Amino acid sequence: MTHSPSRLPAVLAPAAGLAPPARAAAEPAARQEGAPDDLTLWYDRPATDWETQALPIGNGPLGAKIFGGVATEQLQFNEKTLWTGGPGSPGYDFGNRKTPLPDAIAEVQRQIDRDGTMAPDAVAAKLGRPKTGFGAYQTFGDLYLDFAGAPLNPTAYRRELSLRDAVARVTYAADGVTYSREYFAGHPGNVIAGRLSADRRGKVSFTLRHTSPRDDKTVTAAGGRLTIRGALSDNTMKFEAQVQVINQGGTRTDDGDKVTVTGADSAVFVLSAGTDYAGDYPAYRGPDPHAKVTAAVDAAAGKSYDQLKQAHLADYRGLFDRVKLDIGQSTPTVPTDRLRRAYTGGGSADDRALEALMFAYGRYLLISSSRENDLLPANLQGVWNNSTSPPWSADYHVNINLQMNYWPAEQTNLDETTRPYDRYISAMVAPGAKTAREMYGARGWVVGNETNPFGFTGVHDWATAFWFPEAAAWTTQQLYDRYRFTGDLGYLRDTAYPVIKGAAEFWLDFLHTDPRDGTLVVSPSYSPEHGDFSAGASMSQQIVREVLTNALAAAQRLGVDGNFQAEVKAKLATLDPGIRVGSRGQLQEWKSDWDATTDDHRHVSHLYALHPGNQITAGTPEAEAAKVSLAARGDGGTGWSKAWKINFWARLLDGDHALKMLSEQIKTSTLDNLWDTHPPFQIDGNLGATSGVAEMLVQSQHDYVHVLPALPSAWKNGSFSGLRARGDVTVDATWKNGAADTITVHPGSTGPIRVRSGFIAGRHRVHDEKGHEVGPHRDGDTLTWNATAGKAYTIQNEAAVAVIAPAATGPDASFPSSSP
Ligand code: FUC
């Protein structure tokens, strides 16, 4: 419904045809590159610690951590496919047991049917097997730049990472000379580039060298190019990196395994790296990386630094700039480590700055660790790892972690970052189908609790984390969701559906009839890393219900697979949905009412239906029960656990509690470089926190666009633009005094659109980008109309206008709430 402008006081009536489309966030004034801004992490001393202080840059396949030392610069770097394990590694068998498992599984099912539970180690003894050849993500090593005669007491030291540019910088002064370095990882050309300069000629001198903790490579210097080449002894994976040094002025010399620049005005280096990994089962090997790495470094060396940087900025900003968030943050005048330590979660502009920075950082980290040309998605540490044996191998845990990495992708308008995820999950179908067939006697495909780049779809025997066949289904949620966000039918048909269908088929064959009530349940079933094994734990049931529902909806939408559709419908009809309110008003984690109210376990698996699923809706008794469970779990937990809780509270429409969780994460699970810490560092918490903030601003899991569903009261005035909602919609909004002021939706396709926000129940006006009134249907706080692709529709809160402008009071002050 729209109000006729003629009924408004003249002062408020918009001039017909002149109302501009509401652009939520004001465009920032032209920013001088390198000038302080609200989205820069900065420090007044060099980093001495990789994990907590060094600053990350990355372009998806390549990543580096910058230390910014004055006498020695250290760039630890990575190429994401450099992994031990897999084919070639002794004893690797994809986690598949040689003896077929179905009999042993049936035995476990019988025991659970009889006793109700089974201890994890008893199940692992029957169904598990030791992990062999799983491997671990590897550091590529470190580049060091040694500056002979570097000043002992530099002044005006600053080390920073600009999230707006994805450029890391180091500056300091000594003896009247200002020295500058900058680094970026460019997606165009797949190189990491660096430039060293000084404001006086002839002042740039250094020696470049490489080290790595493995004795498996040669390092040679020729023509100013360092070539690092070798093969991992574990699996013979070939790897190569090349770094070309180009000096402007001065001299450059090769010295065995080093390159030295002396007395230059400035110098540039470009680095690229690769391996012979390929994402194809069963060999997982492709061509020797030499040609590709050489071509990348040659091409980059043939361009000027400015050309490389402009290409990088255009590419990066093309993604990063799609979303803006203003929650009243300032440009901090204290270094980011001090800002974080001083953070209270109170009302200061500095606190807001850190919250805005955390939101933006998650987007930065996702763009930097997952791009279109990546062979692998972001792992537990994104793309960054300085070790040969990182925590949890820096692998792909699929009982929450990998999925959490991609929660912010669609919501925050970074669709491109999901390509490697799709590729990786699709590539798991072949090994996962063999595992399904041989170990479970089922069709479709499966994967367990965690996996690697080499199709590890079987099991191991760590009792509390080895069994989670629901993971395959959960990994397909993102694929179906990408279809819901984009409406891309070709993607649904060619990419998503085959993978979703396979994950659903597994469960068509592997559900078990519960003798307690005749429903279909998962058995053995294990609520991730918590309690005993049983039948029909809530998360198991919710995930299976979701994958069957999505598979059915996709098949119907595509008009395919009639028999499969019938089979899915039949199973859904008898499936236990796994959503139960227990005796203490809580949502039950298990089919039996076993929850302890004092249990603060980090996994909150039984709330899957609330988030990331959509089977529970705020305001229902089940949502109230979820609240009881969440309150019992408390506000602590690992970094990723706190991040998940931001999302949960946002889905429960409690913005204040959502912000409280973000505050807890910043205070107790965030390092000086703003990396999330489990501990140790794990990137899922960063990406989950960004998703949580997005969930506070826009939700669309129920197929309507809910704008400002969980705005915290501390974010009094603000705006955002560019967030995405399911149904191919881009959303901007502004708010004042805690109430939405304007909402603008930009539909990407033509058809019905539903927009919900609290103020819509009161006075409002809807117009398109030309100022033409739109006549939507209103139901409570929700509007529905037929939207046209490419147009922009603004919903203006007229009540807010009346409050802000006292002149509006008068005959129209009690203007009746809008009606269709
Ligand atoms: C899951 C979590 C752990 C950790 C690991 C990498 O198994 O339960 O806390 O994050 O993944």
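In each ligand, atom 1 is the first atom listed, and ligand 1 is the first ligand listed. Remember, predicted model here, so these are calculated numbers, not experimental data.
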Atom indices of ligand 1, in the order listed, that fall short of 4.0 Å to a heavy atom of H678: 3 (C), 4 (C), 9 (O), 10 (O)

Atom indices of ligand 1, in the order listed, that fall short of 4.0 Å to a heavy atom of L380: 6 (C)

Stepwise salt bridge (Lys or Arg N to Asp or Glu O under 4.0 Å) check, E529 with R602: CA-CA 9 Å; E529 313 200 25; R602 64 193 182 287; 2.9 Å; yes

Test item, T638 contacting ligand 1 (heavy atom, 4.0 angstrom): no

Close approach, H603 and ligand 1, non-hydrogen under 4.0 angstrom: yes

Sub-4.0 Å atoms of ligand 1 with respect to non-hydrogen atoms of E529: 1 (C), 2 (C), 7 (O), 8 (O)

Atom indices of ligand 1, in the order listed, that fall short of 4.0 Å to a heavy atom of N399: 1 (C), 7 (O)

Atom indices of ligand 1 within 4.0 angstrom of W640 heavy atoms, with elements: 2 (C), 3 (C), 4 (C), 8 (O), 9 (O), 10 (O)

Stacked cation flag R214 on F239, 6.0 angstrom / 45 deg: yes

Selection from D684, N401, V398 by shortest heavy-atom distance to atom 11 (O) of ligand 1: N401

Carboxylate-amine/guanidinium contact R371 D374, below 4.0 Å: no

Ring-face cation of K65 near W384 (centre distance under 6.0 Å, axis angle within 45°): no

Geometric N/O contact N449 with ligand 1, under 3.5 angstrom: no

Identity and distance of the protein heavy atom lying nearest atom 6 (C) of ligand 1: W392 CD2, 3.4 Å

Parallel, tilted or perpendicular: rings of W649 and H657 (30°, 60°): parallel

Salt-bridge contact K627-D654 (side-chain N to carboxylate O under 4.0 Å): no

Q682 and ligand 1 - part of the residue with a heavy-atom distance under 4.0 Å: side chain

Salt bridge flag under 4.0 Å for residues R419 and D415: yes

Residue of the set K642, K660, K667 for which salt bridge (charged side-chain N to carboxylate O under 4.0 Å, His left out) holds with D635: K660

